[in-house]
Amino acid sequence: MTRPPMSQNRREPLQQVKHRRDTALMALAGGIPYAQYLGITFDRRGDELTAVLPYDDKLIGNPMLPALHGGVTSAFLEVTAIVGLSWSYIWEGMETGTLTLEQLQSGDLPRLPKTIDFTVDYLRSGLPRDSYARAKVTRSGRRYASVHAEAWQDNRDRPHAQATGHFLMPDRG
Amino acid sequence: MPSDKPSDKKSFARDFIRAIPHSRELGMKITAVGDGTAEITMGYDKRFVGDPKSGVIHGGAVSALMDTACGAAVISHPDVPGPTATIDLRIEYMRAATPGQMLTARAECYHVTRSVAFVRATTFDEDFARPVATATGTFTVEPK
């Protein structure tokens, strides 16, 4: 194919661009049952994702304080890291046209990366409030990737947890 | 983690999960507890799957299981007077847990100072010869 990448097609209607990107994001994040179970959603601004974990009583680990369960925070960060990492190569496939809208709609996405290790720093106790998180792919190689993620609640400059993880990339032929 | 120091191991085992809403939500059960050790199980549940194409449980759910097991091991340690919270937890995933199988996490609090408890844990599916994941962590030690 000699056609230019879709992202470089300035005349492509805005709604079509947004529809493609939102469909891809929904197929990706909506395809992880555990993320659905926790209630995690993703806000998208261009290619930047913010994971949102709305507060729910079932997420509590210490009812005396109360505080979120450490496992919830860890899971939230791991979902954020995996979705953030997958999003980086799905975005590339989508914008260069190797991933079609039909594939995205039918949920025919590339496989998810596998976690090798994941280290979480608990900086503050998680309050009974909504949480937000963003992932940064520090390095993404052919086989391995290193991802950093940070979660906060009321104040972006006061994260309640951060994490670093290594991932095995799916086989991409 | 709940702050009530157990009067005996049996009531500790009974009350521990009941006091943690999220662990109860994930269907965790404490199956053994000793001085600084704990074993917790979590049944397979489709809601906790990470990749529907394989049916494998999400790493996050395994983290939640190990965090709970490590916390239980810390507060069951004789030198820990009060509640605890996770400072840091590192998980290593050796292989995918077999879909449909129950997970068992065994945690051991192997050293305690006045302020920090050091813990390690291993998670198995129904094949106890091949661990699914291991964890090492540090937890706070707080006065009662």
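First the proteins, then the strands, lettered A, B, ... as listed; each starts at 1. Just so it is clear, the values below take in all heavy atoms, side chains as well, and ignore hydrogens, waters and symmetry mates.
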Under 4.5 Å to a heavy atom of chain B? For Ile116(A) that would be backbone

Residue from Arg111(A), His166(A), Lys114(A) scoring the most non-hydrogen pairs under 4.5 Å with chain B is Arg111(A)

Under a 4.5 Å heavy-atom criterion, the part of residues 37-45 of chain A in contact with chain B comprises Tyr37(A), Leu38(A)

Is Glu39(B) salt-bridged to Lys29(B), going by a charged N under 4.0 Å from an acidic O? no

field: Mutual orientation of the aromatic rings belonging to Tyr110(B) and Phe118(B) [parallel < 30°, tilted 30-60°, perpendicular > 60°]
entry: tilted

- Query: Quick one: does Arg24(B)'s side chain have a donor or acceptor within less than 3.5 Å of a partner on Arg18(B)'s backbone?
  - Reply: yes

Margin query: Between Phe139(B) and Val112(B), is there shared hydrophobic-cluster membership here, with clusters defined by ILVMFWY side-chain heavy atoms closer than 4.5 Å?
Written below: yes

Whatever's closer than 4.5 Å to a heavy atom in chain B on Leu65(A) counts as neither

Most heavy-atom pairs under 4.5 Å with chain B, out of Leu68(A), Thr73(A), Val79(A), belong to Val79(A)

Tell me, yes or no, whether the heavy-atom count around Arg143(A) atom CZ, taken from other residues, nucleotides or ligands under 6.0 Å, exceeds 12. no

Here the gap from Ile90(A) atom CD1 to Leu104(A) atom CG, rounded to the nearest 0.5 Å, amounts to 7.5 Å

If one checks every heavy atom of Asp57(A) against chain B at 4.5 Å, the contacting part turns out to be backbone

#### Entry: Salt-bridge criterion met for Arg156(A) and Glu150(A) (N-O under 4.0 Å)
yes

Exercise. Should Arg95(B) and Asp125(B) be marked as a side-chain contact (heavy atoms from CB on, under 4.5 Å) after you check the CA-CA gap, both sets of side-chain angles, and the distance that decides it?
Worked result: CA-CA 10 Å; Arg95(B) 66 179 178 93; Asp125(B) 56 17; 2.8 Å; yes

Honestly, the part of Thr115(A) sitting under 4.5 Å from a heavy atom of chain B is both

| said: Main chain of Pro159(A), side chain of Arg124(A): is a donor-acceptor contact present, judged purely on distance under 3.5 Å? | reply: yes

Could you check whether any side-chain N or O of Tyr122(A) sits under 3.5 Å from a backbone N or O of Gly70(A), counting only pairs where one atom can act as donor and the other as acceptor? yes

Counting heavy-atom pairs under 4.5 Å with chain A, the top scorer among Ala133(B), Ser23(B), Ala61(B) is Ala61(B)

Just wondering, more than 12 heavy atoms not from Lys18(A) lying within 6.0 Å of its NZ?
-> no

Within residues 127-141 of chain A, the residues sitting under 4.5 Å from chain B by heavy atom, in sequence order, are none

Applying a strict under-4.5 Å side-chain criterion to I, L, V, M, F, W and Y, I'd like to know whether Ile82(A) and Val132(B) cluster together. no

Practice task
Report the C-alpha separation of Leu28(A) and Leu112(A) in whole Å, then their side-chain angles, then the decisive distance to 0.1 Å, and conclude whether the side-chain contact (heavy atoms from CB on, under 4.5 Å) test is met.
Solution key: CA-CA 9 Å; Leu28(A) 172 61; Leu112(A) 295 168; 3.8 Å; yes

